[in-house]
Each structure stands twice: as structure tokens, then as C-alpha cells.
2 protein chains.
Amino acid sequence: MPRRLPTVSDVAHAAGVSRQTVSNVLNSPGIVREATRARVAEAIAELGYRPHASARRLRTRRASTIAVRLDPFAGGISGAVLDRFLHALTERAEARGLTVMLYTATDADDEIRQFQRLVDGAVVDAFVLASTYYGDPRTEWLIERGQPFVTFGRPWGIADLADPLHFWVDVDGRAGVAEAVRRLEADGCRRVGFLGWPAGSGSGDERRAGWAEAVTAAGVDAASRAALTVESEESVGAARAATRRLLEQASDLDAVIAASDTLALGALIETRGSLRVVGFDNTPIAAAIGFSSIDQRVDEVASAALELLDLVGRSEADDPRSHRLIVPDVIMREPGLALGLVG
Amino acid sequence: MPRRLPTVSDVAHAAGVSRQTVSNVLNSPGIVREATRARVAEAIAELGYRPHASARRLRTRRASTIAVRLDPFAGGISGAVLDRFLHALTERAEARGLTVMLYTATDADDEIRQFQRLVDGAVVDAFVLASTYYGDPRTEWLIERGQPFVTFGRPWGIADLADPLHFWVDVDGRAGVAEAVRRLEADGCRRVGFLGWPAGSGSGDERRAGWAEAVTAAGVDAASRAALTVESEESVGAARAATRRLLEQASDLDAVIAASDTLALGALIETRGSLRVVGFDNTPIAAAIGFSSIDQRVDEVASAALELLDLVGRSEADDPRSHRLIVPDVIMREPGLALGLVG
DNA sequence: TTGTAAGCGTTATCAA
DNA sequence: TTGATAACGCTTACAA
């Protein structure tokens, strides 16, 4: 049976000081005399004392807890990104004395109901939203109530990107894809296509824009660009069909950049590895099969998200620190090895 | 700015009763008169009152929180299983008024340090360990200190499977694989091989045993069994090499059952889809590519884990309820479609 | 620099 | 059935 945990009083008694002195040693070590501090520290170590989290939270009115929604199994391969983000966030949060708690929700309304529950119960003091989309009602709800939050993903659409009330971190997919195009060109590729999602998703449109930007810079005209791009839903089957269309439109295709590893896998299977393919997210499947991919650097995103939370409420209007755009890594893997179907 | 949250006192005042009555309405509705209960309930709804989580935890000495380690080994394709398990657990925990919090650890010792931190700070009142192995020091530590926990995975090795102090849920991989063999045989397969992990991992050995059991029942002798099985590390590349060896040993191979989807993918790629392949874990990649796989039914595991936690400390010696073995689902997918390389 | 006193919001105990 | 009182363990005034 769990023994009774030591309290500040126990420590105070053992060290021969008062309770507050113990508290001071823990929270404002500066104002306590060195000799006393050492004696108290020793008693703390001796007893294995740790502040009771709930008592502290009650008193300080800070939960030191951030809530993250765990998506209902997004299907597709790319769920792994959120997984890695969550891991990074947990690690970084621990280092800052924060706890990460999870909740689930079936849709945005349900999620707002969860916000309500967690806020009213003083369970958390900030939210991390792992993806945002056009007209997202969740951020609006949080802003209206002055609830601290940060999003992984820009406030797409209406909202002002520099809105000082909306703290966000995002990955610069545009820059990442443009860089991937340049790398492929440096490797000798002349006709680089793009396999993207249907227009309308913020991040998807950005990724396509990065491709367009880079191939345009390389001298590809608008008509050729139209022939070099094609759209697909997020599934391997749809990606294979789209890849067939792309090959019809541009028979001299060298390489393809895809908006996700799922799409990249479809392209790879359809072409039996005869094409250079770059995916997005650098999921385990890209590593396992051995195709190139663009890594979102979720560690950086997680760190930035927590730094931003520190600033919430403290930043001035138009504070540039209220958001952060991270440049992804392009991970090139040896061509021809993918799927082992070539050579 | 977050307004001050209503407290029991506010509700009591609004309903014209004492604080205690409000508390009773919430925690022991039975002992309060219906009229009073209704009046209090109305006041609660009106004010949008919710008990302050930390205050309640302080007073009741229950954190109502379970801790789960988020593995750094999200790598490999199979990380997706823990992901799904975590989601299911979060969902079920919510329904029981429990919170799931995360922690990370680099190894078992580090994890034990985390146990210490979370226990001493009264942050959690139970742990869920998502995987176990031979000679696992973590469970020993927890048992010694009477800390409630449940493992997803049997206590492999030394420990008595029926040890009433070790609560566990696991998936019966042996039964699942045996069933998969029978399904393949029903489909006309005559020579079903097994692509497994090196001996020594509890779950891997069980899966191999299930295959051996079923093919033996179908009349395969020991010598043939030896030719039909091969070992591989958990990577696509190693699985491809192992599959080549398997084909040399047993050229008339019909189908292969793999210990994981990662291995299955390797077999599939190596044989370019010309073999029936069954994986394990039913990861998104199996669904995306379209090969058969054995599903661990993590929803059931999560439910069972929480039910078991209710029993911790309350069960008698040799209580059969202290563990639960769940039969997995065999998900057969249309043969030949996998990878689209056939037909 | 240290100690005293009060109170965070809840529930357990016990008396009315 | 309801209400007063007293903790739970901590920190933040303020006083010594």
C-alpha cells in the first residue's frame, strides 16, 4: 500500500525550520540563507519529498497542464506525424515542468465541449491544437474566452496571419518543396511533377506553390506547369490513378514531389520505382521503403509551441514573436533503391 | 481574461442550500431529497459549475489520472499500434472520468525515475505500461511499492502468469496466427510459411507457435516446418533478405504469415505481390496497400485495461479476473491486389 | 531572513 | 435529510 507521502511540514520538522522556509527554498531559493537552504535541501532529499501537485495547483491556480487532442485514428500513413509531434511535445513539456494530457473529440463542436469541460474544471491552462483549417471555429472560441492556446498550423483563411491573439507555429511547406525541387534538379532531373491534394487545404496549397515557384524559376512555363501537376485524395489508390494521369500528361517526367508520403507511395508503386519520388512528412514508411521525403522537424515545432505559450497574454499587438515559421528538412534517399524494383 | 470560476459556495448560495448539500448532489445523489437535488442541479446548470479538479484531488487523495509512456520508438511501421491503443485508452478513460497523461523515458531506469516523480507528486494513481518483456524491472518496482498498474502484454518470463499482483491484458497472437493459417488453407493454400522475429521475444514466439500449431494440425511434419520458417529483424530490408532465404528453402511456398506488418511489407515487395501475405497489427500501411493482417483490437485491450485497474488491490489471490487475453481479428484482404503488381 | 496566519475549493465527519 | 466544521498540502501576504 502506498505509504503516506511526506509533506512540507515533515520536511520543515526534519530540517528544524518552518513550513514557509521549505516552500521558499523550493520556489524562491534566492531569499533564503545558504546554510538554511542546504539543510532544507538535505531534508528534502532524505525524505524523498516532492510537492503535492494538486495542492500546489489549487493554491497557485495554475494547472501546469496542457491539453492535446489525440486524433481519432486519421487513417492514412501520415498520422505518424502527430504521433512524433506529441512525443516531442511531451518531452519538452516535461523539461518545463508541464504535464501533457490527452482528450479526444469527434468533431469541432465536440472539441469545443471538451474545451469547456477542461477549462471549467481548471484541469488545464492551455491548449495545443495540432491542425487548423479554414474557418476553424475552435480558435475563435478560445480567443473569445481568453484561453491560452497555440496551434500547429497557421490560421488559414480569414484570420490575419499576424493576429497577435492567435499564437501559431507552422512548417514552411512552400520552402521545403521548393528546396526539394532544386535538389532534384541538381541531381539532373529536368521535369519535376507535383502530385498534390485538391485545392483548398491550406498546407496543400502552400506545398504546390513551393513547387510552382521553383520550377518557374527553372524556366518552366505556365502551360508546362499545368501538365506537370495533378490532384489526388489522400489514399494510395487515388494516388496511383493520379500518377497514371500525370504520366499521360507528361510522358517525359523525371521525378515527382508529393504532398504526403501516402501519395508518394502511390506514385512509387504505380511507377514501380522507375521515378524519383519525394514525399512529405518523412514517415516511418518512407524510411522503411527508402524514398526521399520532407521532414517537418516536429521537435522544433514542439519547442516553439511551448515558447509561444509562455508569451500568451504577454505579447504586444503585432508582436512578431507570436508566431513562428519553421523550415523543414529535405531528406534525400538514394534513388533507385526505393521498393527495390529498379536496377 | 478567464473569469473567476463558480465554486460550490456560489452554487450553494444560488440554490439556497449549504455547500455540503451541493457536494452531496454531485457525489451521493441518493441521500438528498429529490426537490433539493433538482434545485441544486438547476443552479449548477445555470452557473455552468464544474468541480475544481485539483481541489477535489487534494481532498479525495485520488488523482483520477493514469500515466502512459509515449514511446520514442515511434519508428518502424508498427508504432501505429500504440498510437491506436492510446487513442482508445483516452476515449475510454474520459468516459470513466479519468485523465490520461503522458510521460517519456529513454530506458527502463529512466522510466522508473519517472514513476518516482509521478508517484511522489501524487500526479497519478495508476500506470499503464504498453509493452513488457522478459525480466522487466518496471513491474517489479511497481509491485514492490504497491503502485497500481496494468500492462498491455503478459509478464513474460519468470513471473507467474497468474500472479494476482500483476494485472495484464494481452492479445492472443498464437490464436490469431493459427486462425490466419486456417483461413489461408480454406482459400486453397497448401504451403504456408512463417516470417518471424528471432526467438526470445515473448509475443514473437507466441505468434510462431500459433503458426506451428496450425500447420502441424494440417499435417506438416517437423522437417517441413523447419523449411517453412525463417527469422528477421524488424525492418523491411531484413525481411526482404529473409524472404529470399525462405523461397530457397521452400520453393513451393503458397503464402507467408509475418510477425508484423513491417515484415509483411518486406515479403510483399520481395515477391512483388506473387505470394499471399498476412501481416500483424493491421496498420494503416496494410490497409493502404491492401494486404491481409491480424488486428490486435486495441479498443478491447483499452477497455479491459481500465476494468482491470478498477480491480487492483481488490482482487483475491489467483483471481482469474486479474488478467485478460483477447482474441485478435484476422482481416483478410483480396489477394493479388496487394501492391497491384499481380494480374 | 524567518515565522504566523489565512485561504485556494473540495469532501469527510458528525451533530442537528 | 441537511448544515457546520475541519482538514487535504500548498503558497502568498504580512509580521516578527
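Letters A, B, ... mirror the listed sequences (proteins, then strands); counts begin at 1. Hydrogens, waters and symmetry mates are skipped; everything else that's a heavy atom, side chains included, is used.
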Legend entry - Residue met sooner reading DNA chain C from 5', once A:N24 and A:R19 are mapped to nucleotides: A:N24
Inset, instruction - Side chain of B:T21 only, please: which of D:dC10, C:dT2, D:dT2 is the nearest? - result: D:dT2
Inset, instruction - Begin from the C-alpha positions of A:E94 and A:T90 and carry the test side chain to side chain contact (heavy atoms under 4.5 Å, CB included) through to its verdict. - result: CA-CA 6 Å; A:E94 259 171 42; A:T90 303; 3.9 Å; yes
Legend entry - Between C:dT11 (C1') and B:Y49 (OH): distance, integer Å: 10 Å
Inset, instruction - Could you tell me whether A:T36 contacts a base, only the sugar-phosphate backbone, or nothing, with contacts defined as non-hydrogen atoms closer than 4.0 Å? - result: sugar-phosphate
Legend entry - Nucleotide C:dT1, atom C1' - distance to CZ of A:R39 in whole Å: 12 Å
Legend entry - A:S23 side-chain proximity, nearest of D:dT1, C:dG9, D:dT12: D:dT12
Inset, instruction - Specify the residue among A:T60 and B:V17 whose closest nucleotide of DNA chain D lies further upstream toward the 5′ end. - result: B:V17
Legend entry - Salt bridge A:R37-A:E34, side-chain N to carboxylate O under 4.0 Å: yes
Legend entry - Nucleotide nearest A:H52 (side chain, heavy atoms from C-beta), chosen from D:dT12, D:dC10, C:dT10: D:dC10
Inset, instruction - Indicate whether any N or O donor in one side chain lies under 3.5 Å from an N or O acceptor in the other, for B:D110 and B:T106. - result: yes
Inset, instruction - Nearest whole angstrom, please: distance from the P of C:dT11 to the CD1 of B:I31. - result: 12 Å
Inset, instruction - To the nearest Å, give me how far apart CG (B:L26) and C1' (C:dT10) are. - result: 10 Å
Inset, instruction - Using a cut-off of strictly less than 4.0 Å, decide whether B:R33 has a side-chain nitrogen or oxygen near OP1 or OP2 of D:dT2. - result: yes
Legend entry - Lys/Arg-Asp/Glu bridge criterion (N-O < 4.0 Å) met for B:R154, B:D170: yes
Inset, instruction - Calculate the interatomic distance between A:D10 atom CG and D:dC8 atom P; express it in whole Å. - result: 11 Å
Inset, instruction - Check every strand shown and say whether A:V32 touches a base, only sugar-phosphate, or nothing at a heavy-atom separation below 4.0 Å. - result: sugar-phosphate
Inset, instruction - Mind checking A:S54 for me? I need base, sugar-phosphate or nothing, with any heavy atom below 4.0 Å counting as a touch. - result: nothing
Legend entry - Toward the 5' end of DNA chain D, by each residue's nearest nucleotide, B:A55 or B:G30: B:G30
Inset, instruction - Would you mind reading off the distance between B:R61 atom CZ and C:dT10 atom P, rounded to a whole angstrom? - result: 18 Å
Legend entry - Nucleotide D:dG9, atom P - distance to CG of B:D120 in whole Å: 14 Å
Legend entry - Protein-nucleotide distance (A:R62, atom CZ; D:dT12, atom C1'), rounded to Å: 12 Å
Legend entry - Side-chain donor/acceptor of A:R59 to base of D:dT11, under 3.5 Å: yes
Inset, instruction - Describe, in one word, how the ring planes of B:Y103 and B:F127 are oriented to each other, choosing from parallel (under 30°), tilted (30 to 60°) and perpendicular (over 60°). - result: perpendicular
Inset, instruction - Would you tell me if any nitrogen or oxygen in the side chain of A:T7 comes within less than 4.0 Å of OP1 or OP2 on D:dG9? - result: no
